[in-house]
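Treat the numbers as computed from the prediction; the structure is a model and nothing was measured.
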Amino acid sequence: MKIYNTLTRKKEEFIPIEQGKVRMYVCGPTVYNYIHIGNARPMVVFDTVRRYMEHKGYEVNYVSNFTDVDDKIIKKSVEEGVDSSVISERYIEECKKDMEGLNVRPATTHPKATEEIGGMLDMINTLIEKGHAYTGADGTVYFRTRSFKDYGKLSHKNIDDLQGGNRSLLVSGEEQKEDPLDFVLWKPKKEGEPYWESPWCDGRPGWHIECSVMSKKYLGEEIDIHAGGEDLIFPHHENEVAQSEAANGKIFSRYWMHNAFLSIDNKKMSKSAGNFFTVREIAEKYDLQAVRFFLLSAHYRSPLNFSEELMEAAKNGYDRIVTSVGNLKYLMENVSAETINEREEELLKEAASFTDKFDAAMEEDFNTADAIAVIFELVKFANQNASASNSKGFLKALSDEIILLSDICGLIVEREEQMLDSDIEKLIEERQAARKNKDFARADEIRNELLQKGIILEDTREGVKWKRA
RNA sequence: GGCGCCAUGGCCAAGUGGUAAGGCAAAGGUCUGCAACACCUCUAUCACCAGUUCAAAUCUGGUUGGCGCCUCCA
């Protein structure tokens with residue numbers, strides 16, 4: 001299994017710290033609103049990484065935080081006149097609903113920043129003791145960036161270039177800083193803001209320290225994989241590395257994975273530009289499974305554009321897989337032979353090669369675009385080779401293979417058995433009778449009526465099938 | 001200014017040295033009362049220029065065009 005490591009800028013063979021186990025941390029969202037489609041990309045991508053690893057037998061300890069103390073949350077709480085925890089709790093719950101729709105499995109642990117303050121105070125204290133941090137006159141605690149000799153190793157930035165680039169910040173104040181590169185570990189409260197007591201001042205943690213502490217608490221000082229959006233590489237992850245390695249004296253994370261950005265209509269998503277979609281909005285129009293399919297249709301390190309047109313194409317592609325599985329299931333229920341015959345056995349051998357091809361794609365830094373292409377090849381193979389003359393065992397083997405590969409991608413392709421109410425069944429029967437009598441006008445009338453109710457009818461060689469729109 | 005990424009058929013997207021996967025869309029056909037599904041057929045020499053090589057979309061240099069980070073951000 002190979003992983004592209006941001007740290008080395010190379011694809012590397014994945015070797016876990018502890019055999020058979022994976023310690024993985026994914027930076028989660030700040031909960032001040034519904035999550036947007038851009039937030040969904042890392043959730044889906046890294047959930048897929050996790051699923052594949054578990055499929056390969058790894059035990060994955062998957063930790064993803066909720067940042068529930070932040071300027072934006074506070075701003076919203078002021079606007080609504082409620083406590084900031086009301087805001088964060090609300091959007092954590094909403095986020096979980098969206099994740100469920102996207103079939104993103106809950107993490108092993110979902111820590112919240114506000115519940116980990118003690119650990120943050122400890123780490124900040126350690127950093128001060130080791131000379132990596134200092135306190136300003138107002139009680140703000142800063143990380144002494146230049147005290148960490150490897151600063152810049154993750155984002156591959158030269159510390160002196162950074163200073164040059166940030167020259168404008170020098171004049172913007174913050175005279176308490178020893179160096180403009182230093183960043184905040186703990187900041188004093190402002191009136192009306194949530195705060196915690198600390199040896200330095202009543203206040204709250206800086207953003208970066210949160211992840212360092214939560215990662216350490218739930219996964220240990222040294223972890224296998226740390227992941228997130230590519231925009232987090234600098235400064236967030238760079239600062240995490242500095243804090244954690246300076247405090248713990250150990251390599252923080254061996255592999256760093258970053259997903260590329262998702263744009264909307266070829267423009268960067270931004271609220272001011274108005275090209276901003278929440279997962280909730282999209283769910284009104286599309287099945288979130290199609291959204292997941294869409295997000296996996298490109299490699300996670302390639303930029304991906306989101307648009308109505310592209311979403312429509314993704315929906316159609318996803319439906320093709322669902323239809324195929326539905327057809328196999330239908331055949332299975334209407335076939336008499338149970339056991340697989342010789343000819344079928346040969347075909348199944350051929351079908352098994354698709355699974356090998358699928359694995360090969362995933363082994364190469366989780367090439368989901370290729371993996372999905374393999375699922376389509378398998379779907380085509382099934383469509384070509386499955387018919388009413390096959391045995392149940394053969395049809396089930398094909399169906400199971402498609403379902404399994406899709407499931408590794410977190411795609412649900414098996415439509416749940418739904419009961420039709422008796423009125424609808426009566427209409428379908430009436431339509432069949434009308435067709436028999438060649439009363440096609442009445443037959444079409446009924447079909448349209450059902451379509452209004454969201455039931456799509458298809459007349460196949462084997463009989464009438466229906467599905468929900 | 002610094003660091004980095006990308007440019008493949010109408011659209012999306014794999015492929016990183018041996019003569020271009022897959023999906024969507026369009027077209028023709030089979031099936032069908034019609035429609036839908038499915039199946040069959042059909043669409044590229046890989047931005048441009050130069051070079052390395054027996055061989056390049058794939059390596060090197062350059063040109064043009066797009067994008068990201070350096071500031072809260074998935």
Exercise. Are A:Phe376 and the base of B:G22 stacked, counting only ring centres nearer than 5.5 Å and planes tilted under 30°?
Worked result: no
For this session: Keeping the roles fixed (side chain from A:Thr278, backbone from A:Tyr34), state whether a donor-acceptor pair exists under 3.5 Å.
Result: no
For this session: Take the protein atom OH of A:Tyr318 and the nucleotide atom C1' of B:C12, then report the distance between them rounded to whole Å.
Result: 19 Å
For this session: Measure from the side-chain heavy atoms of A:Asp370 and tell me the nearest of B:A21, B:C37, B:C39.
Result: B:A21
Exercise. When the distance from CZ of A:Phe293 to P of B:A14 is rounded to whole Å, what number comes out?
Worked result: 13 Å
For this session: For the pair A:Glu193 and A:Lys187, find out whether any cationic side-chain nitrogen is under 4.0 Å from an anionic carboxylate oxygen.
Result: no
Exercise. Looking at A:Asn383, does any N or O in its side chain come under 4.0 Å of the phosphate oxygens OP1/OP2 on B:A38?
Worked result: no
For this session: Please work out if A:Ser302 contacts a base, only the sugar-phosphate, or nothing of the nucleic acid, heavy-atom cut-off 4.0 Å.
Result: sugar-phosphate
Seminar exercise, completed: Which of A:Lys10, A:Arg301, A:Lys11 passes salt bridge (Lys or Arg N to Asp or Glu O under 4.0 Å) with A:Asp365? It is A:Arg301
Problem set entry | Among B:G15, B:A74, B:C69, the nucleotide that comes nearest once only the side chain of A:Asn367 is considered | B:G15
For this session: Between B:C3 and B:U71, how far apart are the C1' atoms? Round to whole Å, please.
Result: 16 Å
Problem set entry | Whole-angstrom distance between B:C59 and B:G2, as gauged at atom C1' | 27 Å
Exercise. Checking all strands, does A:Ala373 fall into the base, sugar-phosphate, or nothing category for heavy-atom contacts under 4.0 angstrom?
Worked result: base
Could you go through nucleotides 43-45 of chain B and list every protein N or O atom that sits under 3.5 Å from one of its N or O atoms, giving the distance for each pair?
none

Seminar exercise, completed: Between CZ of A:Phe261 and C1' of B:A74 the distance, given in whole Å, is 6 Å
Exercise. Got A:Leu262 and A:Leu295 here, is their nearest side-chain heavy-atom distance under 4.5 Å?
Worked result: yes
Problem set entry | Integer angstrom distance from the C1' of B:C54 to that of B:U63 | 29 Å
Exercise. If you check the A:Lys268 side chain, which of B:C69, B:A13, B:G33 turns out closest?
Worked result: B:C69
Exercise. How would you label the contact of A:Ile372 with the nucleic acid (heavy atoms, under 4.0 Å): base, sugar-phosphate, or nothing?
Worked result: nothing
Problem set entry | Nucleotide nearest A:Arg9 (side chain, heavy atoms from C-beta), chosen from B:G33, B:A74, B:G4 | B:G4
Exercise. Do the charged groups of A:Glu89 and A:Lys112 touch, with an N to O distance under 4.0 Å?
Worked result: yes
Exercise. Taking NZ, NE, NH1 and NH2 as the nitrogens, is one of them in A:Glu100 or A:Lys97 under 4.0 Å from a carboxylate oxygen of the other?
Worked result: no
For this session: Determine the interplanar angle of the A:Phe66 and A:His110 rings, folded into 0 to 90°, and report it as parallel if under 30°, tilted if 30 to 60°, perpendicular if over 60°.
Result: parallel
Seminar exercise, completed: Out of B:A14, B:C11, B:C24, minimum distance to the side chain of A:Leu310 belongs to B:C11
Exercise. With sugar-phosphate meaning primed atoms plus P, OP1 and OP2, does A:His299 contact a base, only sugar-phosphate, or nothing at under 4.0 Å between heavy atoms?
Worked result: sugar-phosphate
Seminar exercise, completed: Per atom distances to the A:Asn39 side chain, the nearest of B:G33, B:A74, B:C40 is B:A74
Problem set entry | Ring centroid separation A:Tyr62 to A:Phe46 under 6.0 Å | no
Seminar exercise, completed: Of the candidates B:A74, B:A13, B:C34, the side chain of A:Leu304 sits closest to B:A13
Exercise. Can you find an N or O donor on one side and an acceptor on the other, under 3.5 Å apart, linking the side chain of A:Arg447 with the base of B:C34?
Worked result: yes
For this session: Taking only Lys NZ, Arg NE, NH1 and NH2, and the carboxylate oxygens of Asp or Glu, determine whether A:Arg280 and A:Glu94 approach each other closer than 4.0 Å.
Result: yes
Problem set entry | Spacing of the C1' atoms in B:U16 and B:A21 (rounded, Å) | 15 Å
For this session: Please work out if A:Lys315 contacts a base, only the sugar-phosphate, or nothing of the nucleic acid, heavy-atom cut-off 4.0 Å.
Result: nothing
Exercise. Would you say B:G4 has OP1 or OP2 under 4.0 Å from some side-chain N or O of A:Thr6?
Worked result: no
Exercise. Between B:C40, B:A21, B:C69, which nucleotide has the shortest distance from any of its atoms to the side chain of A:Lys357?
Worked result: B:A21
Problem set entry | Lys/Arg N to Asp/Glu carboxylate O, A:Asp70 vs A:Arg204, below 4.0 Å | no
For this session: Considering only NZ, NE, NH1 and NH2 on the basic side and carboxylate oxygens on the acidic side, decide whether A:Asp459 and A:Arg431 come within less than 4.0 Å.
Result: yes
Exercise. Heavy atoms under 4.0 Å, any strand shown: does A:Leu262 hit a base, just sugar-phosphate, or nothing?
Worked result: base
Exercise. How would you label the contact of A:Glu312 with the nucleic acid (heavy atoms, under 4.0 Å): base, sugar-phosphate, or nothing?
Worked result: nothing
Exercise. Distance check: side-chain N/O of A:Arg320 vs OP1/OP2 of B:C39, anything under 4.0 Å?
Worked result: yes
For this session: Among B:G33, B:C40, B:A74, find the nucleotide with the atom closest to the side chain of A:Phe440.
Result: B:G33
Exercise. RNA chain B: A:Asn305 or A:Lys157, which has the more 5' nearest nucleotide?
Worked result: A:Lys157
For this session: Classify the nucleic acid contact of A:Arg301 as base, sugar-phosphate or nothing, counting any heavy atom under 4.0 Å across all strands shown.
Result: nothing
Exercise. Roughly how far apart, to the nearest Å, are B:U58 and B:G62 at atom P?
Worked result: 15 Å
For this session: Fill in the dot-bracket string of RNA chain B, one character per base: . for unpaired, | for a pair to another strand, ( ) or [ ] for pairs within the strand, taking Watson-Crick or G-U pairs under 3.5 Å.
Result: ((((((((.[[[..)..(...]]]..((((.......)))).....[[[[[..)....]]]]])))))))....
Exercise. What distance, rounded to whole Å, do you find between the two C1' atoms, one in B:C72 and one in B:G18?
Worked result: 49 Å
For this session: Indicate, yes or no, whether a donor-acceptor pair under 3.5 Å links the base of B:C72 to the side chain of A:Asp70.
Result: no
For this session: State whether A:Arg442 and A:Glu430 are salt-bridged, where the test is any N-O pair (Lys NZ or Arg NE/NH1/NH2 against Asp/Glu carboxylate O) under 4.0 Å.
Result: yes
Problem set entry | Most 5' of A:Gly38 and A:Gln384 on RNA chain B, judged by nearest nucleotide | A:Gln384
Problem set entry | NZ/A:Lys153: more than 12 non-hydrogen atoms of other groups inside 6.0 Å | yes
For this session: Taking only the side-chain heavy atoms of A:Asp231 (C-beta and beyond), determine which of B:A74, B:A13, B:G33 contains the nearest atom.
Result: B:A74
For this session: Give a yes/no answer on whether the side chain of A:Asn266 brings an N or O atom under 4.0 Å of OP1 or OP2 in B:G66.
Result: no
Problem set entry | Inter-nucleotide C1' distance (B:G66, B:C48), Å rounded | 15 Å
For this session: Can you tell me, in whole Å, how much space there is between the C1' of B:G4 and that of B:C40?
Result: 46 Å
For this session: Look at all strands and tell whether A:Glu377 reaches a base, only sugar-phosphate, or nothing, counting heavy atoms closer than 4.0 Å.
Result: sugar-phosphate
